[in-house]
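Reading through the structure tokens given below for one structure.
Throughout, protein chains are lettered first and strands after them, A, B, ... in sequence-line order, and every chain is numbered starting at 1.
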Number of protein chains: 2
Amino acid sequence: MTSPPPRPLRADAKRNCDRLIAAAKSEFAERGASASLEDIAERARVGIGTLYRHFPTRDDLIAKVLASGTETIVARGRELLGHARPGEALVIWLRELVDHQTTYRGLTAALAQGYIADNGTQLCASCDLITQAGQALLSRAQATGEIRPDSEVRELILTAHSAAWIAENTEDPAAVDRLLGILFDGLRVVRPSRKRA
Amino acid sequence: MTSPPPRPLRADAKRNCDRLIAAAKSEFAERGASASLEDIAERARVGIGTLYRHFPTRDDLIAKVLASGTETIVARGRELLGHARPGEALVIWLRELVDHQTTYRGLTAALAQGYIADNGTQLCASCDLITQAGQALLSRAQATGEIRPDSEVRELILTAHSAAWIAENTEDPAAVDRLLGILFDGLRVVRPSRKRA
DNA sequence: ACCTGAACACCGTTCAAGT
DNA sequence: ACCTGAACACCGTTCAAGT
């Protein structure tokens, strides 16, 4: 499960790699996660072949660019395990997960592929870590009876995923919150009764 | 609001148009909604220019290919207005809407664009019709107090949309049903209390 | 060991020439 | 009025040649 030994790169290779990541970050931010790889290489002032050498697949590049964000959301999960109200902690974390999945336009499509394909790519490894963080929060919330006992982590991830997808495809930012509101209501075991129309 | 006068095509043009639609149908089914336009033209044994003449935009082609499906779901909406239980009718219709949005792989991306861009394309017109059908069902269900009074059609469509997106990106067919289950629970005003874990 | 960029493949889109 | 397909632009990916 531990990642394979990342043996040290030659100094110039390391430098190129860093430049590629920085360039990709900018390019993804400006043009979305399906930005042109050639443009990224050019921006990094590096041959296109070098990009392919370091990142055989677009997903590998995306994973590296997202690495720190992944660490953050996973760490946040650990943090929220200490939250007084487990159900609320889960909901808070899911909202932040949506933000993460929304870092760049077109990201959800890439992530979705990462989930289903389960190719040995780095992106899948990141997804696994996130799933585990979610599982911990879910178990705790279920133990207190706040969240449906029959719900699975997979659902939570899908939930966040679909909200993120909406965020990508809507201009209305409130839409995401409304969708999440519905979803969270659906996940809860006991809901306050509501006034009739 | 009525579509512009579709003045009669020359016989050969009409024939080519039909062949293009048939070819697109097959190609979309096999390779998804982003299938190569050139392949479609070739399959229809027509020059690529002819395709562009009839369908200046991919969305126009998609709209035509989906036309009968759109009619079906809209008609189904009218039909379900006669259903004894309005809330259930809404839910049934939404499930069928997901099926419609799921006709071809990669369709939700195209439809989403249709919703936000609101370019004058035929696809947007279809989306509008569907939205209206949903509105009618929603109003009726809200009037009986079964569905949240504060929910909007837009939410319903987004709901179905996100479920359809999940369907596209998951191999597990049960995932869609589970997501829809959560969503529908969230939409309902009164929910049966559930056993604790 | 690593980098480079020309070369190839593929797709979308336009438009001048044809009927 | 409509069709055709060559031509152009653009992007992804590989690989032989270079350091």
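- More than 12 heavy atoms of other shown residues, nucleotides or ligands fall within 6.0 angstrom of atom CD in B:Gln135.
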Next item on the list: Go along nucleotides 8-19 of chain D 5' to 3' and tag each nucleotide: B for a protein heavy atom under 4.0 Å from its base, S when only backbone or sugar atoms are that close, - otherwise.
Entry: ----BBB-----

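- Taking both residues in full, the closest heavy atoms of A:Ile147 and A:Gly87 are given as CG1-CA, 4.5 Å, listed atom of the first, atom of the second, then distance.
- The two atoms that bring B:Ala175 and A:Arg154 nearest to each other are CB-NH1, 4.4 Å, heavy atoms only.
- In DNA chain C, the stems built from three or more successive Watson-Crick or G-U pairs (distances below 3.5 Å) are C:4-8 with D:12-16, C:12-16 with D:4-8.
- Here the P atom of nucleotide C:dC2 and the CG atom of A:Asp12 are 8 Å apart, to the nearest Å.
- Note on B:His54: every side-chain N or O is 4.0 Å or more away from OP1 and OP2 of D:dC2.
- Contact record, B:Tyr104 with B:Val65: OH-CG1, 3.5 Å, taken as the closest heavy-atom pair.
- Residues B:Lys14 and B:Asp18 are paired through a salt bridge, judged by an N-O separation under 4.0 Å between the basic side chain and the carboxylate.
- If you measure from atom CG of A:Leu20 to atom C1' of C:dT4, you get 13 Å, rounded to the nearest angstrom.
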Note to self: As a quick check of understanding, evaluate side chain to side chain donor-acceptor pair (under 3.5 Å) for A:Ser36 and A:Glu38, giving each step before the final call.
What the structure shows: CA-CA 5 Å; A:Ser36 158; A:Glu38 252 171 2; 5.0 Å; no

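- Of the options A:Leu61, A:Ile62, A:Thr70, a side-chain contact (heavy atoms from CB on, under 4.5 Å) to A:Leu123 is made by A:Ile62 and by none of the others.
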Please list every donor-acceptor pair under 3.5 Å in which a side-chain atom of residues 88-97 of chain B meets a protein atom from a residue at least two apart or in another chain.
residue : atom : partner  : partner atom : Å
B:Glu88 : OE1  : B:Arg85  : NH1          : 3.0
B:Trp93 : NE1  : B:Ile73  : O            : 3.0
B:Arg95 : NH1  : B:Asp177 : OD1          : 2.9
B:Glu96 : OE1  : B:Arg76  : NE           : 2.9
B:Glu96 : OE2  : B:Arg76  : NE           : 3.1
B:Glu96 : OE2  : B:Arg76  : NH2          : 3.2

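- Between B:Asn16 and D:dC3, a side-chain N or O to OP1/OP2 separation shorter than 4.0 Å is present.
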